[in-house]
Amino acid sequence: MTETPHNQRYCARCGNRLSRYNAESVCGACEVTVRGQRHRPPTLPPDFWQTDQMRDALATWHIGRVFFAYRNHPYHGQQLPQELMGSWLGMTQVQISRIEKGSAPEQLSKLTRWAQILRIPPELLWFKLPDDGGSAAVSVEYASTTGNNALALAHWLASDGIGIPPISHSDDLDRVSVALEDARRYFDGSVLEFFRAQLARCKADDGSLGPAEALPLTLAVLGAIRRHSKDVQSDVRRQLLAVGSDGAEFAGWLYRDLHDPVTATFLYDRAMEWAQAAGSLPMQGYVLLKKSQMAYDSRDAGTLLGLAQAAKEGPWQLPMRVQAEVVQQEALGLAMIGESATAVEQSLGQAQHLLTEANGTDDQALVSYFNESTLLVRSACCYTEAGKPQRATELFGQVLAGGGLSRRDAGFFSARQAKALALSGEPDEAATVATKSVAVARETRSERTMNVVVDVVRTLAPWNHRPNVRQLREALMPSR
C-alpha cells in the first residue's frame, strides 16, 4: 500500500490532484478554462463570495479592497494582474492600483457599473443596484438623445464621464472626459473654463426658468470639483477651488429660493471653505454678504446686520459694486432694528455713491447682478422695514415698470410690492399684484416668492371679505 506523498499538490480551482510535472497551481483543464475567460470576468460559483476574505472586503464598503480580494481569491489559482481587471472594467493598471490603495470611491454610477461587470451579488453590496441594469442603459440613451439638455450634461458629469456625452458638447467633453479620468495629468485651464461656462449658463437659466432647472447641472459641476480637487496639480487646485467657491455660493442661493435654508447654509459654508483654500479673500467677504441676505428670509435682524458689517469691515478689498451691495444690506439691517429713517437713507445714499463709482474693473467672479434696478428694489425693502411703505411702493413700481428684471425676480419683487401696498392700506391693489406673483412663483418654482405671498395674505386678514383678497386666497390654496 502506497501512501500519498506529503508534497502532493491539488488544483486551486477544482481540487483535483496536480501532476508532479505541473508547476502551476491549477490543472490543465482549469487553465484552458481560465484562458478562455480572460477577455471577460469569469462566471463564478456562489461560494466564491462567501469566503472570509471576500466578506471582510465587502464589509469595508471600499470597492478597491473588493478588487484586491477578488484578484487574490484562491479560486483563480494565482493572483490576477491589475491589467486584466482593468481591461474588464475599462481602466488602466494605474487606475486600478490607485483605487485599491486610495480612499474609497463615492460615485454611485461607477460603483454600480463595476459591481455589475464583476457580477457581485446585490445582497452583499452596501449600495442598491438598479433593476436589470436599467439605470445605466437609461443614462446612456438619455445623454445621447437629449442634445444640449442641461440635465443630460449634469448626468454625464455626475457619472465622471461614463457613457456618451451630450451631442452639442461632444468636442468640449472629449477634453473634460480625459481630465475626469486622470485629473492630475489633464485637468487644465480649458476644463476650468468649461466649468465656468456651465455655471454662467446655470445662472442665466435661474433667472428665467427658476432654481429647479438650474440646480442639477450646478450640483454636477460642484460634484466634479469636489471629487477631483485633491488629485489635480497644486497650481490648478487653487483655480479649481475658486470656481467651486463661486458655484457653491450660487447653489446656496438656489436652495434659498427653494426655501431649504439647511442645505443653503451647508453650501455657503462649503463656498467659504473653498474660498479660504483658494486664498480668495474677496469671495470670503462675499459669502458673508450672502449669509446676511439669507438671514432676512428668517427675519433674523441681528444676524443680518452683524454679517453685513463683518463683510464690510473684513480684511479684504471688495469690488466697489459689491461694497455698494454690502452697504445697502447694512441699511436693511438698520431699518429692521428700528434705527431712524434718516440713518437708513444715509446708508442707502452711500450705497448709491459706491454703485455710481463702480467701473468695469470689478472682479467678474464677484460681480453679482447688483445694479441700479437691484439697488432700487432693495432700497424699497428698506423703506418697508423703516415704516415707509408708500415710498417702497413707488420704488417697486418704478423698477417693475422698466421690465429689466428676470421673470423670477419680477415675481418676487411684485410680491414685495404687494406687501408694501397692504401695509399702505390698499388691500385690493395688493391682492391683485400678489395674485399675479403666485402664477410666476409656480412657473419658476420659487418657494421664496410663495412665502412672501403667504405673508401678504396674513397682512390682508382684516380685508378677507373683499373679492380681490378672496381671489388671492383661492389662487394660493392649491399650491399650499
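Evaluation of the salt bridge (Lys or Arg N to Asp or Glu O under 4.0 Å) rule for Asp56 yields no partner, not counting sequence neighbours. Residues forming a side chain to side chain contact (heavy atoms under 4.5 Å, CB included) with His259 (at least two apart in sequence, or on another chain): Glu447, Asn451. In terms of the side chain to side chain contact (heavy atoms under 4.5 Å, CB included) criterion, residue partners of Ala295 (sequence neighbours excluded) are, by chain and number, Asp300, Thr303, Leu304. Take Glu394 and apply the side chain to side chain donor-acceptor pair (under 3.5 Å) test, not counting sequence neighbours, and it matches Arg391. For Phe67, the ring-ring contact (aromatic ring centres under 6.0 Å, His included) partners two or more places apart in sequence, or in a different chain, are Trp114. Every residue two or more places apart in sequence or in another chain that forms a salt bridge (Lys or Arg N to Asp or Glu O under 4.0 Å) with Arg408 is listed here: Asp206, Asp257. With sequence neighbours excluded, the residues satisfying salt bridge (Lys or Arg N to Asp or Glu O under 4.0 Å) with Asp428 are Arg466. Considering only residues two or more places apart in sequence or on other chains, Arg237 meets the side chain to side chain contact (heavy atoms under 4.5 Å, CB included) condition with Val232, Ser234, Leu241. With sequence neighbours left out, Thr444 forms a side chain to side chain donor-acceptor pair (under 3.5 Å) with no residue at all. Every residue two or more places apart in sequence or in another chain that forms a salt bridge (Lys or Arg N to Asp or Glu O under 4.0 Å) with Arg299 is listed here: Glu385. Applying the side chain to side chain contact (heavy atoms under 4.5 Å, CB included) rule to Glu429 yields the partners Leu421, Glu426, Val433; only residues at least two apart in sequence or on another chain are considered.
No side-chain heavy atom of Tyr286 sits less than 4.5 Å from a side-chain heavy atom of Asp246. In this structure, Glu193 and Ser190 have side chains that are not in contact, with every pair of non-hydrogen atoms separated by 4.5 Å or more. Looking at Ser245 and Glu273, their side chains never come closer than 4.5 Å, going by heavy atoms from C-beta outward. Residues Thr393 and Thr384 fail the side-chain proximity criterion, which asks for heavy atoms closer than 4.5 Å. Contact check for Leu476 versus Met450: side-chain heavy atoms found under the 4.5 Å cut-off. Counting only heavy atoms from C-beta outward, the side chains of Arg256 and Tyr268 approach each other to under 4.5 Å. A heavy-atom distance below 4.5 Å is not found between the side chains of Val440 and Lys436. Between Leu288 and Trp316, the closest side-chain pair of non-hydrogen atoms falls below 4.5 Å.
Scanning all heavy atoms of the two residues, the minimum distance from Ala422 to Leu460 falls at CB-CD2, 3.7 Å. Heavy atoms only, all atoms of each residue included: Pro105 and Leu111 are closest at O-CD1, 3.9 Å. Between Cys381 and Tyr296, the shortest heavy-atom distance links the atoms CB-OH, 4.2 Å. In this structure, Leu199 and Gly247 approach most closely via the heavy-atom pair CD1-CA, 3.8 Å. The nearest pair of heavy atoms linking Pro427 to Val469 is O-CG2, 4.2 Å. The two residues Thr449 and Ser446 have their closest heavy-atom pair at OG1-OG, 2.9 Å.
In this structure, Arg416 forms no cation-pi arrangement with Phe396, as its terminal cationic atom is not both closer than 6.0 Å to the ring centre and no more than 45° off the ring axis.
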ask   = Given the rule in the side-chain contact (heavy atoms from CB on, under 4.5 Å) test, do Phe412 and Val377 qualify, once you have shown the distances and angles that lead to the verdict?
value = CA-CA 10 Å; Phe412 175 74; Val377 291; over 6 Å; no
request  = Quick one: do Met320 and His353 satisfy side-chain contact (heavy atoms from CB on, under 4.5 Å)? Show the steps, please.
outcome  = CA-CA 10 Å; Met320 198 168 294; His353 174 74; over 6 Å; no
key: Residues Trp126, Ile63; criterion side-chain contact (heavy atoms from CB on, under 4.5 Å); working and verdict   = CA-CA 10 Å; Trp126 58 97; Ile63 197 67; 4.0 Å; yes
inquiry  = Gln293 vs Trp253, test: side-chain contact (heavy atoms from CB on, under 4.5 Å). Steps then yes/no.
reply    = CA-CA 10 Å; Gln293 292 172 349; Trp253 152 250; over 6 Å; no
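Under the 3.5 Å distance criterion, the side-chain polar atoms of Ser280 are left unmatched by any main-chain donor or acceptor of Ala275. With hydrogens and angles disregarded, no donor-acceptor distance shorter than 3.5 Å links the side chain of Ser347 to the backbone of Ala331.
The pair Arg270-Glu249 does not count as a salt bridge, with every side-chain nitrogen at least 4.0 angstrom from each carboxylate oxygen.
No side-chain donor from either of Lys312 and Gln309 sits under 3.5 Å from a side-chain acceptor of the other. With 3.5 Å as the limit, one finds no donor-acceptor pair spanning the side chains of Glu330 and Gln350. Side chain to side chain, Gln328 and Gln352 fail the donor-acceptor criterion of an N or O pair below 3.5 Å.
With a 6.0 Å radius and a threshold of 12 heavy atoms from other residues, nucleotides or ligands, Arg196 has its CZ atom above the threshold.
Rounding to the nearest 0.5 angstrom, the gap separating the NZ atom in Lys203 from the CG atom in Leu254 is 10.0 Å. Taking CG from Leu219 and OH from Tyr255, the interatomic distance works out to 4.5 Å, rounded to the nearest 0.5 Å. If you take CG on Asp205 and CD on Gln198, they are separated by 10.0 Å, rounding to the nearest 0.5 Å. Atom-to-atom distance recorded for Glu325:CD and Leu289:CG is 4.5 Å, nearest 0.5 angstrom. Going from atom CD1 of Ile225 over to atom CG of Leu240 covers 5.0 Å, rounded to the nearest 0.5 Å. The CD1 atom of Ile96 lies 13.0 Å from the CZ atom of Phe68; values are rounded to the nearest 0.5 Å.
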With a cut-off of 3.5 Å and sequence neighbours excluded, list every side-chain donor-acceptor pair involving residues 332-343.
{"residue": "Ser340", "atom": "OG", "partner": "Ala343", "partner atom": "N", "Å": "3.2"}

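A side-chain contact (heavy atoms from CB on, under 4.5 Å) with Arg65 is found for one member of Leu58, Thr60, Ile99 and no other, namely Thr60.
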